[in-house]
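Encoded as structure tokens, the structure appears first; notes follow it.
Heavy atoms only: backbone and side chains are in, while hydrogens, waters and symmetry mates are out. Note on naming: letters A, B, ... go to the chains in the order of the sequence lines (proteins, then strands), and numbering restarts at 1 for each one. The structure displayed is predicted, hence computed values, not measured ones.
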Amino acid sequence: MPNDDKLSMIRHSMAHVMAEAVLEIFPGTKIAIGPSIENGFYYDFDLPRPLQDADLETITEHMKNIIASGVPFVRKEVSREEAKKLFADQPYKLELIDAIPENETVSLYTQGNFTDLCRGPHVESTKQLNKEAFKLLSIAGAYWRGKETNPMLTRIYGTAWTNPKELRLYMDHLADIEKRDHRKLGKELDLFSLHEEAGPGLVYWHPRGARVRQAIEDFWRGEHYKNGYELVYTPHVGRSWLWETSGHLGFYKESMYPPMEMDKADYYVKPMNCPFHIMIYKNTKHSYRELPFRWAELGTVYRYEKAGALHGLMRVRGFTQDDAHLFVTPEQMDDEILEVLRFSLYMLHSFGFKDVHAYISTKPEKSVGRVEDWDKATEALKKAVEKEGLAYDIDEGGGAFYGPKIDLKIKDAIGREWQLSTVQFDFNLPERFDLIFVDKDGTEKRPFMIHRALLGSIERFFGVLLEHYAGAFPPWLSPDQIAIIPVGESAFDYSKELEKRLRAEGFRVYTDLSSDRMNAKIRNAQTMKTPYMLIIGEKEMADDLVSVRYRGGKQVNGVKTADFINEVHGVIDRKEQI
RNA sequence: GCCUCUGUAGCUCAGUCGGUAGAGCACAACCAUGGUAAGGUUGGGGUCAGCGGUUCAAAUCCGCUCGGAGGCUCCA
């Protein structure tokens with residue numbers, strides 16, 4: 001039996017054991033559902049009183065006793081009527097029984113004093129559960145069956161493994177995730193802040209964070225020019241006409257900031273950049289000879305996200321998309337898609353993300369555009385993904401109403417997936433804005449439009465990068481690349497001269513002239529995760545040398561300054577991590 | 001929005017039984033001038049998130065409001 005199945009049986013069985021423990025402690029509890037999930041399990045309860053963290057310990061103790069008692073899990077198939085009689089005082093279970101399709105059997109699982117409505121499978125006995133290999137993690141609220149209008153139940157999350165060592169590894173993993181939390185690192189490394197009183201979900205980039213962002217954006221712009229894009233700038237607000245025409249006021253209004261009135265017209269802050277790029281296209285009549293247009297913009301947009309959905313840099317209300325729109329003839333579609341995908345992968349690789357997975361979303365039931373265009377576009381997406389040798393999944397019917405798309409997800413340093421790039425066809429906006437080009441034969445035709453974002457949003461991308469590198473950016477991105485640390489005051493002047501020299505090389509460098517002792521200066525540079533520390537004293541001053549202390553702790557003394565400069569240039573040019 | 005937890009100095013946190021606030025870091029001044037992860041001394045800094053209540057007395061107990069964190073898809 002595959003290990004995963006065994007683990008999920010263990011976890012599902014743990015959920016039942018937890019439910020038994022909760023019923024022992026809180027008689028009268030109404031139980032809902034308790035599946036196994038990735039890394040663990042949960043169970044939803046309707047409890048007589050709110051739970052506190054201390055309750056988890058009590059429940060854990062009861063669970064350990066149940067496990068120690070070594071009782072079997074017994075399956076029994078019953079009629080609907082029997083099941084309903086059995087669960088007469090369990091309203092959630094009754095609802096579930098009614099939801100079981102007629103042609104399916106109703107089964108029960110019993111262990112000890114606890115019987116649950118359950119499809120199974122389970123382990124044979126609680127003997128197969130390890131009472132030292134599980135942990136209850138948290139208490140949360142969850143709507144019954146996930147619907148906002150339903151009552152809120154209390155959910156207890158737990159994790160379970162086959163042995164204590166696996167549990168410990170998983171707990172270490174959780175601690176690692178916590179250590180890498182971009183909100184924590186953002187504060188520690190003085191990169192950015194959010195200010196509730198000034199508006200939730202709006203990001204303030206501090207100088208050190210701005211340097212990283214600058215490095216990202218400079219690279220991004222340069223690569224766009226190299227790849228045949230033009231950069232454009234567009235306004236942040238637009239009159240209601242624009243959003244009515246684009247359809248945003250019809251489909252997207254809840255996600256938009258409310259309008260501002262001026263000169264008897266309503267202006268909306270932009271939630272997307274597309275209509276603006278379209279206005280540039282519409283400014284004049286275009287020939288097939290001019291296409292494709294590839295217009296990119298680091299476009300800052302604002303969207304209303306529910307307060308509870310906001311999360312650090314990952315989910316914000318104001319953010320900058322690395323957006324571009326391609327206006328192409330139908331003949332150009334295949335090549336352009338392939339190029340966009342190639343470009344995307346190149347960008348992701350440059351930032352250190354090597355593990356990429358693609359998701360292709362196809363036509364949903366409700367959609368605009370001709371079926372043959374959808375088919376052609378979807379085919380183009382698949383072809384491109386296959387040509388690049390990417391692993392992919394198809395999300396049937398998961399496309400937007402206006403066109404199919406490819407999303408790229410990357411895996412970070414600790415295996416978590418993040419969606420960054422997206423490439424979307426749009427059959428809707430060219431229609432709505434009546435976009436045309438004049439073809440070879442002199443007739444007017446409709447161009448295809450492709451939306452794409454390679455990094456997604458700069459904010460989110462920055463957050464992912466920060467967690468991926470746990471704050472230790474590779475030198476080409478690092479806020480400070482070099483810290484100059486004079487051994488004593490006699491080396492201050494020389495150090496300042498060295499700083500000038502390194503600055504002229506284009507490095508981000510500072511000299512620590514504080515009254516701290518050298519040890520403290522090293523410590524400070526180290527905690528800020530500065531890649532290179534140059535220790536400057538008598539010896540170095542005498543022979544134009546530097547002593548290099550690398551972030552990793554490695555130390556190389558007596559390096560010729562010119563050699564050090566070459567080394568760092570090389571690392572930065574190749575975008576290496578040290 | 002809803003559920004649970006939570007809000008004390010710029011940051012990380014302590015504050016017992018209700019008796020009107022503490023530490024470390026950071027910051028400032030002074031001393032110390034140093035060779036690979038925190039030198040020393042002194043000092044400034046708080047409407048204990050806000051409002052209301054109970055009490056002789058509230059950071060502490062109660063209520064409301066405003067934040068923050070986790071969760072609210074994975075269908076017995």
If I take atom [atom1] in residue [X] and atom [atom2] in nucleotide [N], what distance separates them, rounded to the nearest angstrom?
X: A:I139; N: B:U4; atom1: CD1; atom2: P; answer: 10 Å
X: A:D181; N: B:G68; atom1: CG; atom2: C1'; answer: 13 Å
X: A:Q526; N: B:U36; atom1: CD; atom2: C1'; answer: 10 Å
X: A:Y43; N: B:C74; atom1: OH; atom2: P; answer: 14 Å
X: A:M533; N: B:A37; atom1: CE; atom2: P; answer: 10 Å
X: A:R517; N: B:A32; atom1: CZ; atom2: P; answer: 14 Å
X: A:E38; N: B:C75; atom1: CD; atom2: P; answer: 13 Å
X: A:L194; N: B:G10; atom1: CG; atom2: P; answer: 18 Å

Taking only N and O in the side chain of [X], is any of them less than 4.0 Å away from OP1 or OP2 of [N]?
X: A:Y42; N: B:C74; answer: yes
X: A:H311; N: B:G70; answer: yes
X: A:K187; N: B:U12; answer: yes
X: A:R549; N: B:U36; answer: no

In whole Å, what separates the [atom1] atom of [N] from that of [M]?
N: B:G50; M: B:G68; atom1: C1'; answer: 15 Å
N: B:A49; M: B:A21; atom1: P; answer: 14 Å
N: B:G45; M: B:A28; atom1: C1'; answer: 11 Å
N: B:G34; M: B:G39; atom1: C1'; answer: 9 Å
N: B:U54; M: B:U60; atom1: P; answer: 15 Å
N: B:G18; M: B:C31; atom1: P; answer: 49 Å
N: B:C3; M: B:G10; atom1: C1'; answer: 33 Å
N: B:U55; M: B:G19; atom1: C1'; answer: 12 Å

Is [X] touching bases, backbone alone, or none of the nucleic acid, heavy atoms closer than 4.0 Å?
X: A:A140; value: base
X: A:Y109; value: nothing
X: A:S514; value: nothing
X: A:S515; value: base
X: A:E104; value: base
X: A:E188; value: nothing
X: A:N524; value: nothing
X: A:I33; value: sugar-phosphate

Are side-chain N/O atoms of [X] and [Y] paired as donor and acceptor at under 3.5 Å?
X: A:W161; Y: A:N130; result: no
X: A:E95; Y: A:W144; result: yes
X: A:Q555; Y: A:N557; result: yes
X: A:E396; Y: A:T362; result: yes
X: A:Q481; Y: A:R211; result: no
X: A:H357; Y: A:D393; result: yes

What's the closest nucleotide to the side chain of [X] if the choices are [options]?
X: A:I522; options: B:G35, B:A37, B:G70; result: B:A37
X: A:P200; options: B:A37, B:U36, B:G68; result: B:G68
X: A:R145; options: B:A37, B:C75, B:G71; result: B:C75
X: A:R183; options: B:C72, B:U12, B:A69; result: B:A69
X: A:M518; options: B:A38, B:G71, B:G34; result: B:G34
X: A:R155; options: B:U33, B:C75, B:C74; result: B:C74
X: A:N519; options: B:U33, B:U36, B:C72; result: B:U36
X: A:K539; options: B:G35, B:C72, B:A37; result: B:G35

Carboxylate-amine/guanidinium contact A:D44 A:R155, below 4.0 Å: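 The answer is yes: the pair qualifies as a salt bridge.
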Charged N-O contact under 4.0 Å between A:E188 and A:K184: yes
Axial cation check for A:W205 ring with A:R213, 6.0 Å and 45° limits: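 Ring-cation test returns yes.
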Quiz item: cation-pi between A:R75 and A:Y109, 6.0 Å / 45°: no
Side-chain donor or acceptor of A:R180 paired with backbone N/O of A:E467 under 3.5 Å: yes
Polar pair under 3.5 Å, donor/acceptor by atom type, side chain A:E540, base B:G35: yes
Residue closer to the 5' end of RNA chain B, A:I37 versus A:D516 (nearest nucleotide): A:D516
Base-pair map of RNA chain B as dot-bracket, where | denotes pairing with a different strand and pairs are Watson-Crick or G-U under 3.5 Å: (((((((..((((.....[..)))).(((((.......))))).....(((((..]....))))))))))))....
